[in-house]
Amino acid sequence: MHHPFTRPKAEDMPLFEAKIFPDVRAQAYDVVLNGVEIGGGSIRIYEPELQEKMFEALGIRPEGQQSQFGHLLRALRLGAPPHGGIALGLDRLVMLICGEQSIRDVIAFPKNNRSMDLMTNSPSEVDPRQLRDLGIKLANDKRVS
């Protein structure tokens, strides 16, 4: 459940092959400092066949795999080495340094616990003309026809 490029644990590959997806664990990791997660990452899939099977497990058909991820699959066929990634949260480090309990106290434009940005009033209503121009229709919106 990490992302579609995360490598499954080797010992869980039989579960993956048997399509018992809820029991398959990711080869992922967290960086924790004094009980606070400050980063995380994963080992990536580097074989094109396994990546194609992962896309298939997610319901992405071969045509969609090629149109959306063909560049990645081609790169993997050229021999990508085993590799991983990590993202550190500078905001969480600053929170710890400042002795705060929440990152909302140290980031420039904090969202509240309802994912609203009170400084910019976001999210907000969208002009129906913009939606029309983009060909977007909102579910349960009687204004859009």
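Quantities reported herein were computed from a predicted structural model and do not represent experimental measurements.
A heavy-atom distance below 4.5 Å is found between the side chains of Phe16 and Met54. At a threshold of 4.5 Å between non-hydrogen side-chain atoms, the residues His3 and Arg44 count as touching. The shortest distance between side-chain heavy atoms of Gln27 and Pro8 does not fall below 4.5 Å. Looking at heavy atoms from C-beta onward, Leu76 lies in side-chain contact with Leu72 at the 4.5 angstrom threshold. Contact check for Arg7 versus Ser42: no side-chain heavy atoms found under the 4.5 Å cut-off.
Atom CD of Gln66 is separated from atom CZ of Arg74 by 7.0 Å, given to the nearest 0.5 angstrom. Here the straight-line distance linking atom CG of Asp105 with atom CD of Gln101 works out to 8.5 Å at 0.5 Å rounding. Rounding to the nearest 0.5 Å places CD1 of Ile45 at 7.0 Å from OG1 of Thr6. Within the model, atoms CD of Glu49 and CZ of Arg77 stand 7.5 Å from one another, a figure rounded to the nearest 0.5 Å.
Listed by first and then second residue, the salt bridge (charged side-chain N to carboxylate O under 4.0 Å, His left out) pairs involving residues 17-34 are Glu11-Arg25, Asp12-Arg25, Glu17-Lys53, Lys19-Glu56 (not counting sequence neighbours). Applying the ring-ring contact (aromatic ring centres under 6.0 Å, His included) test to every pair with at least one member in residues 43-63, sequence neighbours left out, gives these pairs: Phe55-Phe69.
Here the side chain of Gln65 pairs a donor or acceptor atom with the backbone of Ile60 at under 3.5 angstrom.
Across every non-hydrogen atom of Ser115 and Pro123, the tightest pair is O-CD, 3.8 Å. Of all the heavy atoms in Ile20 and Val24, the pair that sits closest is O-CG2, 3.5 Å.
No single ILVMFWY cluster, assembled from side-chain heavy atoms under 4.5 Å apart, contains both Ile97 and Leu33. Side-chain heavy atoms closer than 4.5 Å link hydrophobic residues (I, L, V, M, F, W, Y) into clusters, and following such links, even through other members, never connects Leu78 to Leu73.
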Return a table of donor-acceptor pairs under 3.5 angstrom between the side chains of residues 82-95 and protein atoms on other chains or two or more places apart.
unit_1	atom_1	unit_2	atom_2	d
His83	ND1	Pro81	O	2.6

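Screening Asn34, Val106, Val36 for a side-chain contact (heavy atoms from CB on, under 4.5 Å) with Leu96, the sole residue that qualifies is Val36.
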